[in-house]
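One structure is given below, encoded as structure tokens.
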Amino acid sequence: MEHGVPRVPEGAQVNQEEWARFYEQFGHARIRRFIKLVSRLPSPPRCKACGGPFAGVGGALMRVMGKGPSRKNPDWCGACFEMAPEGGATLTVGVLFADVKGSTALAERTSPKAMAQIMNRFYSDVTKVIVRHGIVDKLIGDEVMGLYFPPLAPGGRYVDVMVRDAHDLLEAVGYVNGRQPPLEVGVGLDIGPAFVGIVGDGAVRDFTAIGDVVNTAARLQGQARGGQIVMSEQVASIAGITEGEAIELDLKGKAEPVRARVVTVEK
């Protein structure tokens with residue numbers, strides 16, 4: 001730990017100053033003088049950023065203040081994510097995309113109500129895995145986007161847990177014990193610099209990440225077949241992944257081929 005910022009694997013962050021700015025921005029900077037007070041209110045569990053309680057009398061008070069558990073990650077409060085100040089910081093983050101393969105054909109032969117039930121189950125299975133160590137950034141049609149960075153990962157090792165979560169979410173949707181999963185799901189992973197913070201205006205604002213890493217992770221996911229994780233070479237290197245097949249991909253919008261690794265989860 002240096003200057004209050006967790007150590008993370010070499011190559012997995014921009015620099016300590018930028019992470020310090022993230023903590024200043026989203027460590028509940030607007031009411032920092034009240035953190036000591038709210039952290040003494042009952043009862044645990046508490047927001048991991050500001051210490052505000054989620055249960056008991058203190059939790060009821062915090063919910064009135066908009067500090068109930070965040071929809072992005074229930075370990076943080078809404079005020080530290082959705083209601084955070086505008087702005088953010090450029091940080092190196094991990095991005096995960098999980099996508100249902102063949103969803104268009106599935107929707108053609110499935111009633112709208114049944115399709116909604118299928119997708120709700122998919123969202124539930126995937127988001128339960130992501131919020132253990134990351135945040136659910138978006139639900140986009142048949143895709144889920146997750147973000148990973150040191151404040152939410154054990155020991156700051158967010159790349160390692162992102163890769164582990166990719167395996168776990170495929171298991172959660174049915175890739176386990178030789179069974180045929182109800183949905184074919186593929187995953188794409190990348191790591192790189194992005195602007196992380198509140199974007200938008202007025203009521204249309206959200207905590208998200210913007211940058212090439214987001215687009216690349218989405219493109220890598222587009223190359224994954226059902227039961228596959230396609231990760232950039234940098235992700236594989238940091239996480240020490242040597243299994244699977246090393247490949248080069250010509251991705252839409254990328255000037256140069258992208259080196260990646262494909263890991264297939266056995267059904």
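Just so it is clear, the model here is predicted, and its values are computed rather than measured.
Distance check, rounded to the nearest 0.5 Å: CE of Met162 to CD1 of Ile130 gives 11.0 Å. A distance of 5.5 Å separates NE2 in His167 from CD1 in Ile241, rounded to the nearest 0.5 Å. The line from CG of Leu96 to CG of Asp137 is 11.0 Å long, rounded to the nearest 0.5 Å. Note that CD of Glu248 and CD of Glu233 are 8.5 Å apart. Values are rounded to the nearest 0.5 Å. Taken to the nearest 0.5 Å, the CD atom of Gln223 stands 10.0 Å off from the CD atom of Gln228. In this structure, the separation between CG on Leu139 and CG on Asn120 is 9.5 Å, given to the nearest 0.5 Å.
A pairwise comparison of heavy atoms in Gln234 and Ile191 identifies OE1-O, 3.4 Å as the closest pair. In plain terms, the two heavy atoms of Ala217 and Leu189 that are nearest each other are CB-C, 4.5 Å. In plain terms, the two heavy atoms of Pro193 and Val213 that are nearest each other are O-CG1, 3.6 Å. Scanning both residues, Val161 and Ala153, for their nearest heavy atoms gives CG2-CB, 3.8 Å. Between Pro44 and Ala55, the shortest heavy-atom contact is O-CB, 3.4 Å. Nearest heavy atoms, Pro69 versus Pro74: CB-O, 3.7 Å.
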Trace of the side-chain contact (heavy atoms from CB on, under 4.5 Å) decision for Gln117 with Lys113
CA-CA 6 Å; Gln117 292 173 338; Lys113 182 177 180 179; 4.0 Å; yes
Go through it in stages, so that I can follow the logic: the residues are Val173 and Leu183, the test is side-chain contact (heavy atoms from CB on, under 4.5 Å), and I'd like the CA-CA distance, side-chain angles, deciding distance and then a yes or no.
CA-CA 7 Å; Val173 299; Leu183 293 174; 5.8 Å; no
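Looking at Val258 and Asp190, their side chains never come closer than 4.5 Å, going by heavy atoms from C-beta outward. Contact check for Val144 versus Phe122: side-chain heavy atoms found under the 4.5 Å cut-off. Lys101 is listed as a side-chain neighbour of Gln221, based on a closest heavy-atom distance under 4.5 Å. Between Val129 and Glu171 the shortest side-chain heavy-atom distance does not fall below 4.5 Å. Under the 4.5 Å side-chain criterion, counting only non-hydrogen atoms from C-beta, Leu220 is in contact with Ser232. Looking only at side-chain heavy atoms (C-beta outward), Met115 and Leu106 come within less than 4.5 Å of each other. Residues Tyr123 and Val136 form no side-chain contact, since every pair of their non-hydrogen atoms from C-beta on lies 4.5 Å or further apart. By the 4.5 Å heavy-atom criterion applied to side chains, Val131 and Asp75 are not counted as neighbours.
With salt bridges taken as basic N to acidic carboxylate O contacts below 4.0 Å, one links Arg132 and Asp168. A salt bridge is defined here as a Lys NZ or Arg NE, NH1 or NH2 lying under 4.0 Å from an Asp or Glu carboxylate O, and Asp250 with Lys254 fails to meet this definition. A salt bridge links Lys72 with Asp206: the distance from a Lys NZ or Arg NE/NH1/NH2 to an Asp or Glu carboxylate oxygen falls below 4.0 Å.
No donor-acceptor distance shorter than 3.5 angstrom exists from the side chain of Asp99 to the backbone of Gly186, with no hydrogens or angles considered. Panel note: side chain Arg63, backbone Phe54; a donor-acceptor pair is recorded below 3.5 Å. A donor-acceptor pair under 3.5 Å links the side-chain atoms of Arg219 to the main chain of Lys252, judged by distance alone. Using a distance-only test at 3.5 Å, with no hydrogens or angles considered, a donor-acceptor pair links the side chain of Thr216 to the main chain of Asp212. Between the side chain of Tyr175 and the main chain of Leu170, no donor-acceptor pair closer than 3.5 Å is present. Not one N or O on the side chain of Tyr148 forms a donor-acceptor pair closer than 3.5 Å with the backbone of Val163.
Following chains of ILVMFWY side-chain contacts shorter than 4.5 Å, one cannot reach Phe207 starting from Phe195, and the two form parts of different hydrophobic clusters. Hydrophobic clustering (side-chain heavy atoms under 4.5 Å, transitive across Ile, Leu, Val, Met, Phe, Trp, Tyr) keeps Val230 apart from Val100. The same ILVMFWY cluster, assembled from side-chain heavy atoms under 4.5 Å apart, contains both Met231 and Val265. Hydrophobic cluster membership is shared by Ile140 and Ile135, with clusters built from Ile, Leu, Val, Met, Phe, Trp and Tyr side chains linked at under 4.5 angstrom.
Of the listed residues (Ile210, Thr90, Thr92, Val93), just one forms a side-chain contact (heavy atoms from CB on, under 4.5 Å) with Val196, and that residue is Val93.
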